[in-house]
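Owing to the predicted nature of the structure, the values given are computational and were not obtained by experimental measurement. What's counted below: heavy atoms across the whole structure, side chains too, no hydrogens, waters or symmetry copies. For ligands, and for the atoms within them, numbers begin at 1 and follow the listed sequence.
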Amino acid sequence: MSLLAIASALCASEAFAAAGGTLVVFYSRSGNTRAAAKIVQESLGGDIFELKTVRPYPADYRETTEVARKEQKENARPALQTKQAPKLSRYDSVILASPCWWGTFPMAFMTFFEANDLAGKKVAVLMTHGGSGLGRSEEDLAKYCPKAKLLKGLAIYGGDVNNAEEDIEEWLRDIGVK
Ligand SMILES: Cc1cc2nc3c(=O)[nH]c(=O)nc-3n(C[C@H](O)[C@H](O)[C@H](O)COP(=O)(O)O)c2cc1C
């Protein structure tokens, strides 16, 4: 193989391909964040990756809050059905769409952060919530992904997600991913 052929084969390989585009990673228990994540994906035309825990949370809201509180207190890492986002190296930005659970991400995101290297990527939080806004999510993101380039997040009240299209569009333009 000539040097030129080796060089072009290397450049075509994923590790050397220039990254671009935005991946949407989301978790949703009751649908609000799923709807918000879909708005982002449809607006940007990129891919979407859903975090699904191996063990489902209880159907009952209050019971779920108890399980989630315990997981946070114990710094748990709930197992994910698929831990690694496919072809993460292809993307240069990642939108993390998450419900607010006890002031931050559900612990399933911590499992995700430890299994996926977001170093060097532009990363922003889109959080749906019941009053806490972004809570501590951005501080936690900076802690778990210290080498990511953190962009400004957006908080949407859970009940308002279906009227949030314009706000989401404006935010995506504002942070420069659209
Ligand atoms: C386990 C649990 C903990 C929650 N903790 C908070 C919280 O600390 N602050 C808040 O504003 N909303 C909290 N909520 C409300 C959710 O963030 C809100 O309803 C969200 O939009 C749900 O998103 P989903 O439908 O995608 O699951 C909590 C909900 C659950 C189930």
Side-chain angles (χ1 to χ4, degrees), residues 22-86 91 93-116 118 123-145 150-172 174-175 177:
T22 302
L23 175 68
V24 181
V25 175
F26 81 98
Y27 171 81
S28 183
R29 174 179 167 274
S30 54
N32 295 339
T33 315
R34 177 187 304 277
K38 280 254 164 209
I39 293 172
V40 175
Q41 184 216 4
E42 279 162 20
S43 170
L44 300 179
D47 289 324
I48 192 157
F49 176 65
E50 179 175 7
L51 302 186
K52 293 182 196 156
T53 53
V54 170
R55 189 156 5 122
Y57 289 91
D60 181 73
Y61 180 84
R62 187 155 290 278
E63 281 175 38
T64 300
T65 63
E66 290 311 315
V67 174
R69 182 156 63 177
K70 190 160 176 278
E71 284 179 348
Q72 191 178 98
K73 201 163 155 238
E74 294 173 352
N75 198 20
R77 295 291 180 270
L80 294 172
Q81 292 181 23
T82 306
K83 249 190 352 188
Q84 251 119 13
Y91 302 97
S93 18
V94 179
I95 302 289
L96 301 165
S98 171
C100 181
W101 278 17
W102 294 107
T104 187
F105 298 100
M107 296 310 284
F109 270 93
M110 311 317 181
T111 308
F112 173 82
F113 294 146
E114 288 175 358
N116 293 271
L118 300 182
V123 180
V125 181
L126 170 51
M127 184 152 274
T128 77
H129 65 96
S132 302
L134 287 163
R136 308 182 300 282
S137 60
E138 292 186 310
E139 289 93 313
D140 283 346
L141 181 57
K143 192 166 94 190
Y144 284 92
C145 307
L150 195 55
L151 305 176
K152 187 178 67 164
L154 177 68
I156 302 172
Y157 182 71
D160 290 342
V161 167
N162 290 317
N163 299 315
E165 204 164 326
E166 267 180 40
D167 290 348
I168 291 175
E169 289 284 342
E170 194 183 315
W171 170 65
L172 293 173
D174 189 30
I175 62 174
V177 297

J.: For the residue pair Tyr57 and Trp101, categorise the inter-ring angle as parallel (less than 30°), tilted (30 to 60°) or perpendicular (more than 60°).
T.: perpendicular

J.: Is it true that Phe105 and Tyr144 have ring centroids separated by less than 6.0 Å?
T.: no

J.: Between the protein and ligand 1, which nitrogen or oxygen pairs come in under 3.5 Å, and how far apart is each?
T.:
residue, atom, partner, partner atom, Å
ligand 1, 5 (N), Cys100, O, 3.3
ligand 1, 5 (N), Trp102, N, 2.9
ligand 1, 8 (O), Trp102, N, 3.0
ligand 1, 8 (O), Gly103, N, 2.9
ligand 1, 9 (N), Ser132, OG, 2.7
ligand 1, 11 (O), Gly130, N, 2.8
ligand 1, 11 (O), Gly131, N, 3.0
ligand 1, 11 (O), Ser132, N, 2.9
ligand 1, 11 (O), Ser132, OG, 3.1
ligand 1, 12 (N), Gly130, N, 3.1
ligand 1, 14 (N), Cys100, O, 3.2
ligand 1, 17 (O), Cys100, N, 3.2
ligand 1, 17 (O), Cys100, O, 2.7
ligand 1, 17 (O), Thr128, O, 3.4
ligand 1, 21 (O), Asn32, ND2, 2.9
ligand 1, 21 (O), Thr128, OG1, 2.7
ligand 1, 23 (O), Thr33, OG1, 3.4
ligand 1, 23 (O), Thr128, OG1, 3.3
ligand 1, 25 (O), Ser30, N, 3.3
ligand 1, 25 (O), Ser30, OG, 2.5
ligand 1, 25 (O), Gly31, N, 3.0
ligand 1, 25 (O), Asn32, N, 2.8
ligand 1, 26 (O), Ser28, OG, 2.5
ligand 1, 26 (O), Asn32, N, 3.4
ligand 1, 26 (O), Thr33, N, 2.7
ligand 1, 26 (O), Thr33, OG1, 2.6
ligand 1, 27 (O), Arg29, N, 2.8
ligand 1, 27 (O), Ser30, N, 2.9
ligand 1, 27 (O), Ser30, OG, 3.3

J.: Please state whether the rings of Phe109 and Phe112 are parallel, tilted or perpendicular, taking 30° and 60° as the class boundaries.
T.: perpendicular

J.: Closer than 3.5 angstrom, by distance alone: can the side chain of Glu71 be matched with the main-chain N or O of Pro78 as a donor-acceptor pair?
T.: no

J.: Check whether any side-chain heavy atom of Val123 sits under 4.5 Å from a side-chain heavy atom of Phe113, and report yes or no.
T.: no

J.: Taking Thr128 as the fixed residue, which of Thr33, Asp160, Asn32 is the one that meets the side-chain hydrogen bond (donor to acceptor under 3.5 Å, both in side chains) rule?
T.: Thr33

